[in-house]
**Q** 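Encoded as structure tokens, here's the structure I'll be asking about.
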Amino acid sequence: MEKRRSGPKVDVVQIVQQIRRQIEEQHTEQATASQVRQEVRDRLLIQWRQLPFPEDVKKDVADQQLQWLFDPEAFWFSRRPGWGPIINFFRRLFRPFVKLFFNPDPLLHHVHRLSYLVQFQNQLIEDLLVERELLQRKASERDRPRRFARSGRRRKPPDRRTP
Amino acid sequence: MRLAIVVQRYGEDIASGAELHARNLAELLQGRHHVEVFTTCARDYVTWRNHYPAGSTAVGPVRVHRFPVRRPRDPRAYGLWEQYLLTHPHSEADEYRWLQLEGPYAPRLVDAVRRRSTDFDFWIFFSFRYYTTFHGALTVPDRSILVPTAEEDPIIGFSIFRKLFHGVRGIAYNSVEEQRLIQGMTRNYSVPGVVVGIHVQPPPEPPRPERFRQRWDVSEPYVLFVGRVDVNKGAPQLVEMFVRYAESRPNPPLLVLLGPVVDSVPSHPRVRVLGPVDEQTKWDALAGCEFLINPSPLESLSMVLLEAWKARKAVLVNSQCAVLRGQCIRSDGGLFYTSPAEFSRMMDWLLEHPDLRQQLGENGRAYVDEHYRPDVILRKYEELFERARAVPVTQVA
């Protein structure tokens, strides 16, 4: 079953490819840095959503636009409605007792610092991707008229596989 | 022929994909064969809490036997355990425990399958991932036909499912992409399989778009989403993209969402969330829309896509879902986007080309009429039964 119908009057693959080409051409001509940044973020989010990670982790991080900070207080603090304040009271009361056996504070402090580092690296990756994208677009814009003039042919469209 | 259908939930008020598929199939097969349905008392797919009374009853023309769920699902424990298994090496026993947590844990249903195994020529089991399907199908391996309704879900890689996909007598796939996924994962090429899908039930009465417009006060052109408003169905992402689109265009259409709201979506003057509606309203809305959007990243077959094509409407789908993309390419009935930029351009293209949009809808209609007619579905199932009879069952150790 499910063979492609014979003699379709519109070919959706062609339409999609045509639209993608138009987007690409328009991007090289018009895209501003902020638009490029938004596109890079969208692409990163799409990649993130495709990773084989647990769904709730992916959702949490995607909702925060890939920003993530670890609050050390989350370790001790309960937000449970009703019982939360009582639990917090006992945790505060017994914290010195817990610390007689082991001290989680250095670990929490370290994870807290690491989360800032991850944040910084995310920002750095995004900036680099934006820079790369802008440079690529400038380069292709600069090359295009010269190629046309020299060869007299249209630029070959990028090799896009049928999706 | 005497046929039994085993499905996790069943009822006229249950309109979810696999369950609706099972009901449509039961009613279709009932015309030519004797069909009985074995199901649970659950209505809620999250907890499987017993809702319907246990025992035998009739739903439409079909006799239905309901069995109680012994233990409702604890979504939290189940979610944590699934995450653990997906990220750690684990044993088969761990996967069996996951299956029990997944549910619906109805051992009396499995006992009934065992007790009445020879009363039916074939047992048709719906959705590979449920306790009732796994244990039921392997209780009657020589008579079981599986309708996996599988998506690109990582749990399909669990080793216990190899037993299931190799241990049944035949498999009715929903799409070529689903068949490719399962055969690629489990190498069950020797098990007879056929790509069937399901027919589209016609609307109760001829659709009247003006009735929908009047009732819901929708006077402007609109694009439509039909389904659960849920992260897993891509609804919040769709609204996010649509809002960005609408704010950058002078006269954007409305986005109308029909279906139960599970996850909240951002509110916006161009977005109308109408909640669950009856069948007739859905068809009225389909008849009046510019086109249908399905942003779901995971599907084994999109029935709403088939319904839109039946209503001669073009569709715009998420290209991340191989099944939706494949259906659009095979039918030439819709476009598929991979990014918000593409989504916006394809929205523009569809709105600016009413003639071509109409042609996409006509292509879709022709595709549905060719492959998803009731007689085609019935013939394919009967062919599968014949092939399944001829092939011995292979069990995986």
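Given the structure is predicted, the values throughout are model-derived calculations rather than measurements. All heavy atoms count here, side chains included; hydrogens, waters and symmetry mates do not. So that the names make sense, note that chain A is the first sequence line, chain B the second, and so on, each numbered from 1.
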**Q** Tell me, for B/Glu152 versus chain A, whether the close heavy atoms (under 4.5 Å) come from the side chain, the backbone, both or neither.
**A** neither
**Q** Any chance you could measure A/Ile15, atom CD1, to B/Asp332, atom CG, to the nearest 0.5 Å?
**A** 7.5 Å
**Q** I need the minimum non-hydrogen distance between B/Ile329 and A/Val12, along with the two atoms involved.
**A** CA-CG2, 3.9 Å
**Q** Measure the CD-CH2 distance between A/Gln22 and B/Trp349 for me, rounded to the nearest 0.5 Å.
**A** 10.5 Å
**Q** Could you walk me through whether B/Glu342 and A/Ile23 pass the side-chain contact (heavy atoms from CB on, under 4.5 Å) check?
**A** CA-CA 7 Å; B/Glu342 282 186 17; A/Ile23 291 174; 3.6 Å; yes
**Q** According to salt bridge (charged side-chain N to carboxylate O under 4.0 Å, His left out), does anything in residues 76-86 of chain B pair up with another residue at least two apart or in another chain? List the pairs.
**A** B/Glu82-B/Arg129
**Q** Between B/Leu360 and chain A, which part of the residue has a heavy atom less than 4.5 Å away: side chain, backbone, both or neither?
**A** both
**Q** May I have the step-by-step check of side-chain contact (heavy atoms from CB on, under 4.5 Å) for B/Met346 and A/Val16, ending in yes or no?
**A** CA-CA 8 Å; B/Met346 287 177 190; A/Val16 168; 3.8 Å; yes
**Q** Taking side-chain hydrogen bond (donor to acceptor under 3.5 Å, both in side chains) as the test, write out the residues that go with B/Ser339, two or more places apart.
**A** none
**Q** A quick test of your reading: do over 12 heavy atoms of other residues, nucleotides or ligands sit less than 6.0 Å from CZ of A/Phe77?
**A** yes
**Q** Checking side-chain contact (heavy atoms from CB on, under 4.5 Å) for the pair B/Arg244/A/Asp42: CA distance, chi angles, key distance, verdict?
**A** CA-CA 12 Å; B/Arg244 210 185 293 167; A/Asp42 291 339; 2.9 Å; yes
**Q** Are there more than 12 heavy atoms of other residues, nucleotides or ligands under 6.0 Å from atom OH of B/Tyr189?
**A** yes
**Q** Which distance, rounded to the nearest 0.5 Å, do you find between the OG of B/Ser344 and the CD1 of A/Ile19?
**A** 11.0 Å
